[in-house]
**Q** 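My structure is below; once you've seen it, I'll send some questions.
Lettering of chains follows the sequences in order, A, B, ..., and the numbering in each one begins at 1. Quick note: numbers below take in every heavy atom, side chains included, and nothing from hydrogens, waters or symmetry partners. Since this is a predicted model, take the numbers as computed values, not measurements.
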Amino acid sequence: MSEKPAHLFEKTWRAHKVRELPGGQTQLFIGTHLVHEVTSPQAFAMLRELGLPVRFPGRTFATADHIMPTDTQARPLADPLAETMLSELERNCAESGVTFFGKESGYQGVVHVIGPELGLTVPGSTIACGDSHTSTHGAFGTIALGIGTSQVRDVLATQTLAMGGLKVRRIEVTGQLRPGVYAKDVILAIIRKLGVNGGVGFAYEYAGEAIEAMSMEERMTLCNMSIEGGARCGYVNPDATTVEYLRGRRYSPEGEAFERAAAEWVAMASDPGAEYDDSVCLNGEEIEPSITWGIHPGHNIGVRERVPTPSEASEDERAGIEEALEYMDLDPGAPIVGTPVDVAFIGSCTNGRLSDLREAARVARTGTVQEGVRALVVPGSQEVSRQAIAEGLDEVFRQAGFDWREPGCSMCLAMNPDKLIGREICASSSNRNFKGRQGSPSGRTLLMSPAMVAAAAIAGRVVDVREVL
Amino acid sequence: MNANNLTSIEAVSGRACVVRGDDIDTDRIIPARFMKDITFDAMGEHLFEDARKAAKGNHPLDDERFFGSDILVVGKNFGCGSSREHAPQALMRYGFRAFVGQSFADIFAGNCCSLGLVCITLSERDAEALRESVELDPEQVVSIDVSAETVTCRAGALSGNIPKGTRDRLIEGHWDATSLLLEAEGAIEKTAEGLPYVSGY
Ligand code: SF4
């Protein structure tokens with residue numbers, strides 16, 4: 001073990017390198033391949049056309065999430081296009097021997113929620129999925145890559161990917177987060193500091209006291225939005241919190257094998273003295289509850305701040321700010337607190353896990369949803385739903401006037417019936433505030449933590465969650 | 001798609017179209033509601049659909065001077081957001097074969113490579129020179145030389161960047177990686193055996 005100190009990214013990359021490709025890219029083994037209904041049908045079709053089987057069906061796991069309606073999921077689905085996509089996935093999985101977590105399995109949910117839940121996401125592994133928020137799995141200390149459909153085909157056919165290397169930037173968040181400040185606020189603050197394209201060509205390693213203190217679910221929220229900062233992936237080094245989370249999961253090893261695995265996992269963490277291509281430090285104590293005001297996640301401010309004024313911005317940013325303010329119909333220099341909302345959405349692979357629902361429920365107990373506001377709570381998976389119901393959270397939400405739904409991606413994107421209408425403005429716990437993201441071409445999104453969303457639903461406008469907690 | 005029939009992509013030339021703005025995300029390129037399909041066939045029809053509607057006829061795609069272009073000239077961080085290959089598929093099916101800008105999101109660039117589409121980056125100044133040149137004279141032929149990493153237009157030969165791995169795959173015809181990856185054969189299983197979480201703890 002007298003090797004040069006290495007970070008987790010390097011150790012994991014090395015263990016998964018099949019060979020160097022002509023041209024210098026690496027053929028990288030993908031230990032776990034997650035599949036969903038939107039980005040896989042064309043890949044299975046291409047595979048069939050090539051006459052190739054799925055190379056490692058035992059390392060490939062599928063579920064349906066994006067198109068799933070959240071009111072009723074009875075078959076056939078009401079939307080014939082959605083039904084076609086779902087049955088196509090079922091057929092592809094059945095024909096190729098891939099495990100499919102459908103409704104009957106009891107483990108259906110957003111692909112990035114169920115992977116960790118089932119114990120499929122382990123430290124020092126590589127994971128790929130035809131979905132950019134695959135970065136979520138980095139919470140466990142994995143190289144987790146979002147890929148396109150042609151690459152899904154490559155992984156199905158060979159369980160490998162052709163990948164160029166990445167640089168690694170260590171992002172340290174020091175100190176303790178203050179009350180009312182969540183992992184969502186931390187990642188928004190990081191993106192605000194480094195920009196939406198600041199991470200292009202990088203893997204982000206999150207470290208420091210504030211990150212170490214986070215639960216696995218919080219680490220998932222953090223890593224989930226790495227992609228929003230332009231990073232190809234993001235990760236947290238595995239530690240005792242990681243190991244305890246994995247104990248007793250459906251795919252976790254048992255007994256002595258678990259202890260052996262745990263030792264392997266922790267050994268994958270970055271060595272002291274490892275070299276990084278870049279490092280950045282943020283003071284966790286200074287992070288405020290954050291909220292977006294514009295049309296990408298970098299357009300965010302602390303909830304007590306004011307919306308930017310184009311004339312005060314750098315020339316480089318001015319046009320972008322003007323476009324965003326016009327689309328959002330917000331006044332330059334206006335406080336963001338008090339902005340009226342029409343819709344509130346709690347859910348998604350960013351913030352649709354049990355701890356998110358608990359935090360939102362804490363707020364929901366303090367009042368009832370403002371008249372005229374549509375408020376939705378969508379658990380990230382059937383498992384999350386079961387746990388929340390066991391704690392009575394569904395009742396807390398219902399009594400406060402929230403709609404309690406079936407699991408799925410829901411209003412995070414516009415592929416199921418949950419959509420914004422017209423110019424509606426939505427307080428959302430999801431990850432993207434792009435123009436039209438929530439289904440209406442002119443709909444507007446304010447990203448924030450689930451607790452902030454619950455507070456906005458009750459007040460009917462943006463509030464500082466610290467006032468109600 | 002034929003695994004044995006490698007097509008080398010050494011150059012793309014043709015007329016260009018300019019879509020201005022930074023951070024144009026893949027939701028904007030192809031809104032999610034059009035992805036409810038099990039093939040990519042219809043993607044080209046919905047390229048930039050909401051942006052075009054919002055621009056009420058003033059979107060560059062609706063400017064007849066740019067009709068039939070092969071190259072799309074963009075800004076910074078083009079293709080950010082969702083990993084959906086539906087975005088480059090829509091661009092390709094609409095007729096674009098190459099993209100020039102200051103920077104591209106990683107996943108978007110990777111998807112383009114898989115489809116044999118060229119992404120080349122230029123400096124801020126050269127990208128602006130190209131955008132102005134094309135807007136002024138959309139009839140001109142713009143040429144991209146993949147191995148020389150240049151974009152030639154009326155404003156001159158601008159030197160750009162295509163990452164080496166991608167460049168080699170385009171030139172050698174291995175942009176569709178499947179056949180190349182299959183060549184590793186037994187080395188794939190061997191790597192798998194060395195990984196306890198795959199082979200057993
Ligand atoms: S919840 Fe949203 S971001 Fe996550 S996988 Fe679904 S659509 Fe993508």
**Q** Using non-hydrogen atoms and a 4.5 Å limit, figure out which bit of A/Asp79 sits close to chain B: side chain, backbone, both or neither.
**A** side chain
**Q** Counting heavy-atom pairs under 4.5 Å with chain A, which one of B/His174, B/Glu183, B/Glu189 comes out on top?
**A** B/Glu189
**Q** Tell me, for A/Thr126 versus chain B, whether the close heavy atoms (under 4.5 Å) come from the side chain, the backbone, both or neither.
**A** both
**Q** Quick one: of A/Gln42, A/His16, A/Gln25, who has the most non-hydrogen atom pairs under 4.5 Å with chain B?
**A** A/Gln42
**Q** Heavy-atom distances under 4.5 Å only: say whether A/Arg59 touches chain B with side chain, backbone, both or neither.
**A** side chain
**Q** Quick one: what part of A/Glu323 sits under 4.5 Å from any heavy atom of chain B, side chain, backbone, both or neither?
**A** side chain
**Q** Quick one about A/Thr39 and B/Arg84 (side-chain donor to acceptor, distance below 3.5 Å, no hydrogens or angles considered), yes or no?
**A** no
**Q** Report the relative orientation of the aromatic rings in B/Phe99 and B/Phe96; use parallel for angles under 30°, tilted for 30 to 60°, perpendicular for over 60°.
**A** tilted
**Q** Of all heavy-atom pairs between B/Met35 and A/Met85, which one has the smallest distance, and what is that distance?
**A** O-CE, 3.6 Å
**Q** Heavy atoms only: give me the nearest A/Lys17-A/Leu28 pair and the separation to one decimal.
**A** N-CD1, 4.2 Å
**Q** Could you look at A/Val122 and say if it's the side chain, the backbone, both or neither that has a heavy atom under 4.5 Å from chain B?
**A** side chain
**Q** Any idea which heavy atoms bring A/Ser150 and B/Ser114 closest together, and the distance?
**A** CB-CB, 3.5 Å
**Q** For the pair A/Arg153 and A/Glu49, find out whether any cationic side-chain nitrogen is under 4.0 Å from an anionic carboxylate oxygen.
**A** no
**Q** Please flag which part of B/Phe34 lies under 4.5 Å from any non-hydrogen atom of chain A: side chain, backbone, both or neither.
**A** neither
**Q** Pick from A/Ile227, A/Ile147, A/Val152: which one has the most heavy-atom pairs with chain B under 4.5 Å?
**A** A/Ile147
**Q** If you count heavy-atom pairs within less than 4.5 Å of chain A, which of B/Glu85, B/Arg169, B/Glu185, B/Arg167 leads?
**A** B/Glu85
**Q** Side chain, backbone, both or neither: which part of A/Leu413 has a heavy atom under 4.5 Å from chain B?
**A** side chain
**Q** For the residue pair B/Asp23 / B/Asn77, report whether a side-chain donor-acceptor contact shorter than 3.5 Å exists.
**A** yes
**Q** Under 30°, 30 to 60°, or over 60°: which ring-plane class applies to B/His59 and B/Phe48, parallel, tilted or perpendicular?
**A** tilted
**Q** Please look at A/Ala45 and chain B and tell me whether the side chain, the backbone, both or neither of the residue comes under 4.5 angstrom of a heavy atom of that chain.
**A** neither
**Q** Pick one of side chain, backbone, both or neither for A/Phe258, based on which atoms fall under 4.5 Å of a heavy atom in chain B.
**A** neither
**Q** Between B/Arg33 and chain A, with a heavy-atom cut-off of 4.5 Å, which part of the residue counts as in contact: side chain, backbone, both or neither?
**A** both
**Q** Is there a side-chain hydrogen bond (donor to acceptor under 3.5 Å, both in side chains) between B/Ser133 and B/Gln140? Walk through the geometry before answering.
**A** CA-CA 9 Å; B/Ser133 173; B/Gln140 66 174 305; 2.8 Å; yes
**Q** Between A/Glu88 and chain B, which part of the residue has a heavy atom less than 4.5 Å away: side chain, backbone, both or neither?
**A** side chain
**Q** Tell me, side chain or backbone of A/Ala162 under 4.5 Å from chain B's heavy atoms, or both, or neither?
**A** both
**Q** Taking side chain as everything from C-beta outward and backbone as N, CA, C, O, which of these in B/Leu115 sits under 4.5 Å from a heavy atom of chain A? Side chain, backbone, both or neither.
**A** side chain
**Q** What part of B/Ala87 is in contact with chain A, defined as an atom under 4.5 angstrom from a non-hydrogen atom: side chain, backbone, both or neither?
**A** neither
**Q** More than 12 non-hydrogen atoms from neighbouring residues, nucleotides or ligands closer than 6.0 Å to CD on A/Glu254, yes or no?
**A** no
**Q** Pick from A/Pro41, A/Gly146, A/Ser132: which one has the most heavy-atom pairs with chain B under 4.5 Å?
**A** A/Ser132
**Q** Please classify the contact between A/Leu161 and chain B as side chain, backbone, both or neither, with a heavy-atom cut-off of under 4.5 Å.
**A** backbone
**Q** Need one label for B/Pro163: side chain, backbone, both or neither, based on atoms under 4.5 Å from any heavy atom in chain A.
**A** neither
**Q** Find the one option among A/Arg260, A/Arg437, A/His296 whose heavy-atom pairs under 4.5 Å with chain B are most numerous.
**A** A/Arg437
**Q** Salt-bridged, B/Glu49 to B/Arg52, with N to O below 4.0 Å?
**A** no
**Q** Under 4.5 Å heavy-atom distance to chain B, tell me which part of A/Arg19 shows up: side chain, backbone, both or neither.
**A** side chain
**Q** Please determine whether the number of non-hydrogen atoms from other residues, nucleotides or ligands lying under 6.0 Å from atom CZ of B/Arg125 exceeds 12.
**A** no
**Q** Please determine, among B/Asp50, B/Leu181, B/Ile107, the option with the most heavy-atom pairs under 4.5 Å with chain A.
**A** B/Leu181
**Q** If I compare all heavy atoms of B/Asn111 with all of A/Thr149, which pair ends up nearest, and what's the gap?
**A** OD1-N, 4.5 Å
**Q** If the threshold is 4.0 Å, N to carboxylate O, is there a salt bridge linking B/Asp25 and A/Arg432?
**A** no
**Q** Look at B/Gly110, B/Ala54, B/Gly81, B/Ala51 and state which one has the largest set of heavy-atom pairs under 4.5 Å with chain A.
**A** B/Gly81
**Q** Hey, which of B/Thr39, B/Asp22, B/Asp168, B/Asp106 has the most heavy atom pairs under 4.5 Å with chain A?
**A** B/Asp106
**Q** Which atoms of A/His133 come close to chain B, meaning under 4.5 Å heavy atom to heavy atom: side chain ones, backbone ones, both, or neither?
**A** neither
**Q** If I compare all heavy atoms of B/Pro88 with all of B/Cys112, which pair ends up nearest, and what's the gap?
**A** CB-SG, 4.1 Å
**Q** Would you mind checking which part of B/Leu195 comes under 4.5 Å of any heavy atom in chain A, side chain (CB onward), backbone (N, CA, C, O), both or neither?
**A** side chain
**Q** If I compare all heavy atoms of A/His36 with all of A/Gly130, which pair ends up nearest, and what's the gap?
**A** NE2-O, 3.1 Å
